[in-house]
Structures are given as C-alpha cells and as structure tokens.
**Q** 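Sharing a structure here in structure tokens format.
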Amino acid sequence: KRPTIVVGTPGRIQHHIRTSVLKLGTVKYFILDEADEMLNVGFRKEIESILELTPKHRRILLFSATMPASILEIAKRHMKKYDIVKVASKGMTNENITQKYFTVSKATRIDALSRIMAAEENFYAIVFCRTKFETKKVAEKLLGQGLLAGAIHGDVDQKKRQKILGDF
C-alpha cells in the first residue's frame, strides 16, 4: 500500500498508474537508471509523463553511461539544480563470470543462439531484445526447437513473469 521502493520500466510503471495500483504523490526520489538507453528506445514521453505525476520537491537521480543532450534536457526541465558526476572506470569485472561473444548476421542469430544453447552444458542466459515483438519471436523460435525459453516484456502480467523467473 505504501511501498518504500518501486522498480520498473516506464511502460510497467504507467500500467500500474493507469490501474490505480501505484500513486506517485508521495515520491521523494525518482531514479532513472540507464537513462541514455531508456531515451534511445523511445521512452521519453513515458518518462516525462511519470515525472509530471511526482511532487515538485522530489529528488531526481539520472544514471547513464553517456550524457546525451536528451538527458541534459530532462535535467534542465525537471531539476532546479543538478550536478554531473563522472566516474572513472577501473575495469571492474566479476571473476566468476565467463564472457563469450559471437559475431553473426542478423538473419542467423536465432539459429546461432539455439546451436550455442544446445551445445553448452548447463546453459543459462538472459537475452535482451529491443522490442516486445522481437522478444516474443526469439522465445517462440527457441521453444519451437525444443529449447527452454520464456519471454518477459511489458505485456506479460506479474504472475506470468514470476513463473518465467521461477522456471529460470
């Protein structure tokens, strides 16, 4: 009823606002992580509309690997005073993670992914896609090849999301 922290994508947050599950009148902090990516994939209008529903005296924190003009515009419009903090990279890597990458053409990437999944023992992965449609398509093709997969995107309800994560 009175959450301390709410985490969600702009579309999911808007859904909860529309269904009156979430009210933003008492928000003290508004934090947008990966702000550059959120704006790159077209969430600017959603982010702006969510910000408009928050109290005027809330604190806004925008985190971004880059500082494009679109983030500065939001800062100037919604923040009276702001600071830019730059952090130098020191090559932080978790030693328990093995990273591999493969360069494949767009036309063959799902087939390549399914071959990798079939070849690797105990393969677990989270695959990020740009659109809901692409997310559904990738999961359907993998399932069609007998591989275990699930798609989580803005149209998937919370119960289904929890099932997919539990299966993972």
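Everything quoted here is computed from the prediction, not taken from an experiment. Basis for what follows: all heavy atoms, side chains included, without hydrogens, waters or symmetry-related copies.
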**Q** Which pair of non-hydrogen atoms, one from A125 and one from F168, has the smallest distance, and what is that distance?
**A**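 Heavy-atom minimum between the residues: O-CE1, 3.4 Å.
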
**Q** Could you go through the salt bridge (Lys or Arg N to Asp or Glu O under 4.0 Å) check for E134 and R109 one step at a time?
**A** CA-CA 12 Å; E134 188 178 9; R109 65 182 170 191; 2.7 Å; yes

**Q** Looking only at heavy atoms, what is the nearest atom pair of G150 and I164, with distance?
**A**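 Smallest heavy-atom distance, with atoms named: CA-CG2, 4.1 Å.
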
**Q** How about K141: does its NZ atom have over 12 heavy atoms from other parts shown lying under 6.0 Å from it?
**A**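 No, the 6.0 Å shell around NZ holds no more than 12 heavy atoms from other groups.
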
**Q** Which atom pair, heavy atoms only, marks the closest approach of P55 to G25?
**A**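 Between these two residues, the closest heavy atoms are CG-O, 3.0 Å.
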
**Q** When hydrophobic residues are tied together by side-chain contacts of less than 4.5 Å, even through go-betweens, does I13 share a cluster with V156?
**A**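 No, I13 does not connect to V156 through the hydrophobic network.
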
**Q** What's the verdict on side chain to side chain contact (heavy atoms under 4.5 Å, CB included) for T135 and F128, showing C-alpha distance, side-chain angles and the deciding distance?
**A** CA-CA 8 Å; T135 302; F128 292 91; over 6 Å; no

**Q** Under a single-linkage definition using a 4.5 Å side-chain heavy-atom cutoff for Ile, Leu, Val, Met, Phe, Trp and Tyr, are L72 and L61 assigned to the same hydrophobic cluster?
**A**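 No.
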
**Q** Check E48 with R44, please: is the shortest side-chain N to carboxylate O separation under 4.0 Å?
**A**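 A salt bridge links R44 with E48.
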
**Q** Quick one: closest heavy-atom pair of L113 and L142, and the distance?
**A**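 The pair with the smallest heavy-atom distance is CD2-CD1, 4.0 Å.
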
**Q** Verify the neighbour count for atom CZ of R161: are there more than 12 heavy atoms of other residues, nucleotides or ligands below 6.0 Å?
**A**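 Enclosed: over 12 neighbouring heavy atoms sit under 6.0 Å from CZ of R161.
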
**Q** Give a yes or no on whether V138 and Y124 share a hydrophobic cluster (residues Ile, Leu, Val, Met, Phe, Trp, Tyr; joining criterion: side-chain heavy atoms under 4.5 Å apart).
**A**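 Hydrophobic grouping puts V138 apart from Y124.
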
**Q** K28 and R59: side chain to side chain contact (heavy atoms under 4.5 Å, CB included), yes or no, with the steps?
**A** CA-CA 6 Å; K28 293 180 183 172; R59 185 154 187 208; over 6 Å; no

**Q** Cluster question for you: counting only ILVMFWY and a side-chain heavy-atom cut-off of under 4.5 Å, with indirect links fine, are L147 and I110 together?
**A**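 Linked, L147 and I110 end up in one cluster.
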
**Q** Check this for me, if you would: do K163 and D167 make a salt bridge, where the nitrogen-to-carboxylate-oxygen distance has to be below 4.0 angstrom?
**A**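 Yes.
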
**Q** Around atom CZ of F102, are there more than 12 heavy atoms of other residues, nucleotides or ligands at under 6.0 Å?
**A**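 More than 12 heavy atoms, drawn from other residues, nucleotides or ligands, come within 6.0 Å of this atom.
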
**Q** Please determine whether the number of non-hydrogen atoms from other residues, nucleotides or ligands lying under 6.0 Å from atom CG of L148 exceeds 12.
**A**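 Open: at most 12 neighbouring heavy atoms sit under 6.0 Å from CG of L148.
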
**Q** Salt bridge or not for R58 and E52, using N-O below 4.0 Å?
**A**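 Between E52 and R58 there is no salt bridge, as every charged N stays at least 4.0 Å from the carboxylate O atoms.
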
**Q** Is V127 reachable from I152 through a run of hydrophobic residues whose side-chain heavy atoms are each under 4.5 Å from the next?
**A**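 Different hydrophobic clusters.
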
**Q** Going by side chain to side chain contact (heavy atoms under 4.5 Å, CB included), L22 matches just one of V6, L53, I50. Which one?
**A**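 Testing L22 for a side chain to side chain contact (heavy atoms under 4.5 Å, CB included) against V6, L53, I50 leaves exactly one candidate, V6.
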
